[in-house]
*Asks:* 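The structure is given below, and queries will be raised subsequently.
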Protein chains: 2
Amino acid sequence: MGRPRTLPAVLLATPDETEAQFYEALQQADLERMVALWSDEEEVACVHPRGARQVGLDAIRASFEEMFARGGVDVRATQVRRLVTAGLAVHHVVEELQVMSAEGPRKAWVLATNVYLKTPLGWRMIVHHASPGEPLDLHGLAEPPSTLH
Amino acid sequence: MGRPRTLPAVLLATPDETEAQFYEALQQADLERMVALWSDEEEVACVHPRGARQVGLDAIRASFEEMFARGGVDVRATQVRRLVTAGLAVHHVVEELQVMSAEGPRKAWVLATNVYLKTPLGWRMIVHHASPGEPLDLHGLAEPPSTLH
């Protein structure tokens, strides 16, 4: 309430800016901002790690509401690979999370595919598909040792 | 060898046709066909269930080669949801698999996001992101009981 239903286009001027808004909303458990950066296309979709497929903004909103009831997510987007065309941007992100475990805080990794669509209202999210990753599995996570050829 | 390096555009005239080629290649462990339906964009990417992120066609080819060494995948694409714009198609697919377990054959489900790009050479795959699903989790899997209002 008092918050715009949608984010102004100036905040979503590039796919990177939209992605920054997405991860800030995730960190801050900011449901209104999270919802406001999605496209109003009908078939937007979201898969959370180990979660169900959510299709449509109402289902997506409910899934983030449930997530944010447990607070923000300590997440950092790393190793972003980008495929950008005239009207579409696909970002492949390795999300680095700090999570609590029985042994205390530890790092976890998630592989995310984020897709953005260029609209008159800026670049808007149409897909977030996230699934658990393992650090040793992650392609390109480790730098090649520079002392070896 | 003797196979075209890329599939003719006529076989990839719509996103649905490209998707059909993808699942047939998966079923038949047909590596050349699988590789030939991807776009030649640099940042194409693929995540197999519980697998690493593969970026670029060489890495994607190697991942399917490893998979197909164990044979084809008994997979069926169901519940496809489509978001299509002028040059891009995003398909959300529930993959139904028959897998062998210690207790014999059983069904398994995978949630996949497939993204296709319209090119002069037809609609080509640029993303396949697949992650394990659970039947009870799957949004829209169960038909609403028609005897209830």
Side-chain angles (χ1 to χ4, degrees), chain A residues 39-56 58-60 62-63 78-95 109-119 125-142, chain B residues 39-56 58-60 62-63 78-95 109-119 124-141:
Chain A
S39 160
D40 59 3
E41 297 276 339
E42 265 179 36
E43 300 288 271
V44 293
C46 182
V47 179
H48 297 296
R50 298 193 186 85
R53 177 176 78 169
Q54 310 293 342
V55 179
D58 288 347
I60 291 172
S63 74
T78 69
Q79 301 179 66
V80 182
R81 307 288 296 253
R82 297 167 179 83
L83 192 166
V84 185
T85 68
L88 154 82
V90 179
H91 285 198
H92 302 288
V93 179
V94 177
E95 300 178 352
W109 287 266
V110 164
L111 300 177
T113 299
N114 298 327
V115 185
Y116 306 96
L117 185 69
K118 190 176 188 179
T119 78
M125 188 167 248
I126 57 171
V127 173
H128 173 66
H129 186 154
S131 54
E134 293 297 328
L136 291 176
D137 275 344
L138 298 176
H139 181 79
L141 185 65
Chain B
S39 160
D40 59 3
E41 298 276 339
E42 264 179 36
E43 301 287 271
V44 292
C46 181
V47 178
H48 297 296
R50 298 193 185 86
R53 177 176 77 169
Q54 310 294 342
V55 178
D58 288 347
I60 291 171
S63 73
T78 69
Q79 300 178 67
V80 182
R81 307 288 295 254
R82 297 167 180 83
L83 191 166
V84 185
T85 69
L88 154 83
V90 179
H91 285 197
H92 302 288
V93 179
V94 176
E95 300 178 352
W109 287 266
V110 165
L111 300 177
T113 299
N114 297 328
V115 186
Y116 306 96
L117 184 69
K118 190 176 188 180
T119 78
R124 297 198 165 259
M125 187 166 252
I126 57 171
V127 173
H128 173 67
H129 186 153
S131 54
E134 293 298 327
L136 292 177
D137 276 344
L138 298 177
H139 182 79
L141 185 65

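In this text, all values refer to a predicted model and were calculated from it rather than measured experimentally. Naming convention: chains lettered A, B, ... in sequence-line order (proteins, then strands); numbering from 1 in each chain.
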*Asks:* Show the nearest heavy-atom pair for residues Ser131(B) and His129(A), with the distance to one decimal.
*Replies:* OG-NE2, 2.8 Å
*Asks:* Between atom CZ of Arg82(B) and atom CD of Glu42(A), what is the distance when rounded to the nearest 0.5 Å?
*Replies:* 14.0 Å
*Asks:* So which atom in Leu83(B) and which in Glu43(A) form the shortest heavy-atom distance, rounded to 0.1 Å?
*Replies:*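 Leu83(B) and Glu43(A) have their closest heavy atoms at CD1-O, 3.6 Å.
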*Asks:* CG/Leu111(B) to CZ/Arg50(A) distance, rounded to the nearest 0.5 angstrom?
*Replies:* 13.5 Å
*Asks:* Verify side-chain contact (heavy atoms from CB on, under 4.5 Å) between Val90(A) and Leu88(B), making sure each step is shown before the conclusion.
*Replies:* CA-CA 11 Å; Val90(A) 179; Leu88(B) 154 83; 5.7 Å; no
*Asks:* Taking side chain as everything from C-beta outward and backbone as N, CA, C, O, which of these in Thr85(B) sits under 4.5 Å from a heavy atom of chain A? Side chain, backbone, both or neither.
*Replies:*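 Answer is side chain: those atoms of Thr85(B) sit under 4.5 Å from chain A.
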*Asks:* With distance as the sole test, does Arg53(B) use its side chain to make a donor-acceptor pair with the main-chain N or O of His92(A) at under 3.5 Å?
*Replies:* yes
